[in-house]
Amino acid sequence: MYESSINGDMMHFSFKNKLFRIEYQPIIFATFILAWTIYYYYSTINIPDGGAQSVLFIKPLTILLIICYPFVVVRSIQVEILSSKIDNNISKDKIDIDRGFLDYRRIVFSLSLIFYAIAITYLGYLIPSFVFVIFVCFYLGVRNFWVLLLLPTLLPTLLSIVFHFFIGVPIPIWPWSH
């Protein structure tokens with residue numbers, strides 16, 4: 001048996017005894033972003049004067065988007081077995097509540113990203129990254145001392161090594177190395 005419907009921003013269809021829910025807006029949005037990024041990357045490389053040098057930022061962004069795209073698609077698809085649909089809907093209604101666009105947590109996180117981008121410009125990469133990761137971890141509820149110490153130390157260090165040696169993007173690590 002096959003049934004299909006489009007409801008709001010989700011498409012539902014059932015096949016055999018499974019219900020497939022596909023949230024298509026993130027997939028469409030991510031596809032447009034990925035397509036534009038790949039187009040921009042290849043059009044920038046083909047510029048005769050300094051094309052390869054002008055992709056220092058767009059190259060890692062393109063790689064990151066190619067890596068993240070499958071995760072967006074997978075997270076946008078939900079599969080449920082129809083026999084347990086009634087039991088799951090009762091418990092899922094309490095969990096899957098969207099808090100809205102102007103939720104204070106989203107606003108605080110967005111503002112912290114803005115401050116982080118400004119701080120990287122003036123203070124180098126490591127110090128703002130260390131502070132940002134501590135802030136985000138603490139804000140998300142992490143209270144384990146070792147996580148609050150090791151994650152902000154190892155993550156920016158690992159990312160600076162990846163950017164510098166593997167991707168080839170020069171990052172000013174310290175404020176005095178501009």
Side-chain angles (χ1 to χ4, degrees), residues 23-78 95-178:
E23 191 174 359
Y24 57 86
Q25 288 177 348
I27 295 173
I28 292 170
F29 188 64
T31 303
F32 281 133
I33 291 173
L34 182 63
W36 178 84
T37 305
I38 291 172
Y39 163 75
Y40 186 78
Y41 175 73
Y42 283 113
S43 66
T44 307
I45 285 179
N46 293 329
I47 295 174
D49 295 329
Q53 292 297 325
S54 61
V55 295
L56 291 179
F57 175 72
I58 196 71
K59 182 179 179 182
L61 179 64
T62 305
I63 293 169
L64 177 68
L65 288 175
I66 289 170
I67 291 170
C68 292
Y69 183 77
F71 293 104
V72 170
V73 172
V74 168
R75 289 289 294 160
S76 298
I77 300 172
Q78 299 171 356
I95 297 171
D96 291 342
I97 297 173
D98 187 11
R99 294 181 182 3
F101 181 72
L102 294 177
D103 183 33
Y104 74 93
R105 290 172 282 213
R106 291 180 180 170
I107 293 171
V108 168
F109 183 71
S110 298
L111 290 174
S112 68
L113 283 173
I114 292 169
F115 287 124
Y116 176 59
I118 293 169
I120 283 179
T121 304
Y122 297 106
L123 300 175
Y125 173 75
L126 281 182
I127 295 170
S129 297
F130 181 79
V131 172
F132 177 73
V133 173
I134 284 178
F135 173 76
V136 169
C137 285
F138 196 79
Y139 186 72
L140 292 175
V142 175
R143 299 297 185 261
N144 185 335
F145 173 76
W146 292 109
V147 173
L148 286 173
L149 179 68
L150 292 177
L151 189 65
T153 305
L154 296 177
L155 185 65
T157 306
L158 176 69
L159 287 175
S160 66
I161 290 170
V162 167
F163 271 92
H164 183 72
F165 291 110
F166 295 112
I167 300 177
V169 176
I171 298 176
I173 301 294
W174 303 105
W176 52 85
S177 64
H178 286 281

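When reading the values below, keep in mind they use all heavy atoms of this one structure, side chains included, and skip hydrogens, waters and symmetry mates.
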Practice task
Could you please spell out the steps behind the side chain to side chain contact (heavy atoms under 4.5 Å, CB included) verdict for Tyr69 and Leu65?
Solution key: CA-CA 6 Å; Tyr69 183 77; Leu65 288 175; over 6 Å; no
Practice task
Would you check, one step at a time, whether the test side chain to side chain contact (heavy atoms under 4.5 Å, CB included) holds for Tyr125 with Leu159?
Solution key: CA-CA 10 Å; Tyr125 173 75; Leu159 287 175; 3.2 Å; yes
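When every heavy atom of Trp146 is checked against every heavy atom of Asn144, the shortest pair comes out as N-OD1, 3.0 Å. Nearest heavy atoms, Phe138 versus Arg143: O-NH1, 2.6 Å.
For the atom pair Ile120 CD1 and Ile127 CD1, the distance stands at 11.5 Å (nearest 0.5 Å). Between atom CD1 of residue Ile114 and atom CD1 of residue Ile118 there is a gap of 7.0 Å, rounded to the nearest 0.5 Å. Note: Thr153 OG1 to Leu158 CG = 12.5 Å, rounded to the nearest 0.5 Å. With rounding to the nearest 0.5 angstrom, the CD atom of Glu23 is 9.5 Å from the CZ atom of Arg75. Phe163 contributes atom CZ, which lies 10.5 Å from atom CD1 of Ile173 (distance to the nearest 0.5 angstrom). Interatomic distance, CG of Leu154 versus CG of Leu151, reported as 7.5 Å (0.5 Å rounding).
Screening residues 107-117 for side chain to side chain donor-acceptor pair (under 3.5 Å), with sequence neighbours left out, gives Tyr116-Ser129.
Remark: Thr157 engages no residue in a side chain to side chain donor-acceptor pair (under 3.5 Å) (not counting sequence neighbours). Under the rule for a ring pair (Phe, Tyr, Trp, His ring centres under 6.0 Å), the partners of Phe135 that lie at least two apart in sequence or sit in another chain are Tyr139.
Side-chain contact check for Phe29 versus Val72: every heavy-atom pair is 4.5 Å or farther apart. When side chains are defined from C-beta on, Phe130 does not count as touching Leu155, because their heavy atoms never get closer than 4.5 Å. Side-chain contact between Cys137 and Val133 is present, with at least one heavy-atom pair separated by less than 4.5 Å.
The only member of Val136, Val147, Ile134 that meets side-chain contact (heavy atoms from CB on, under 4.5 Å) when paired with Val142 is Val147.
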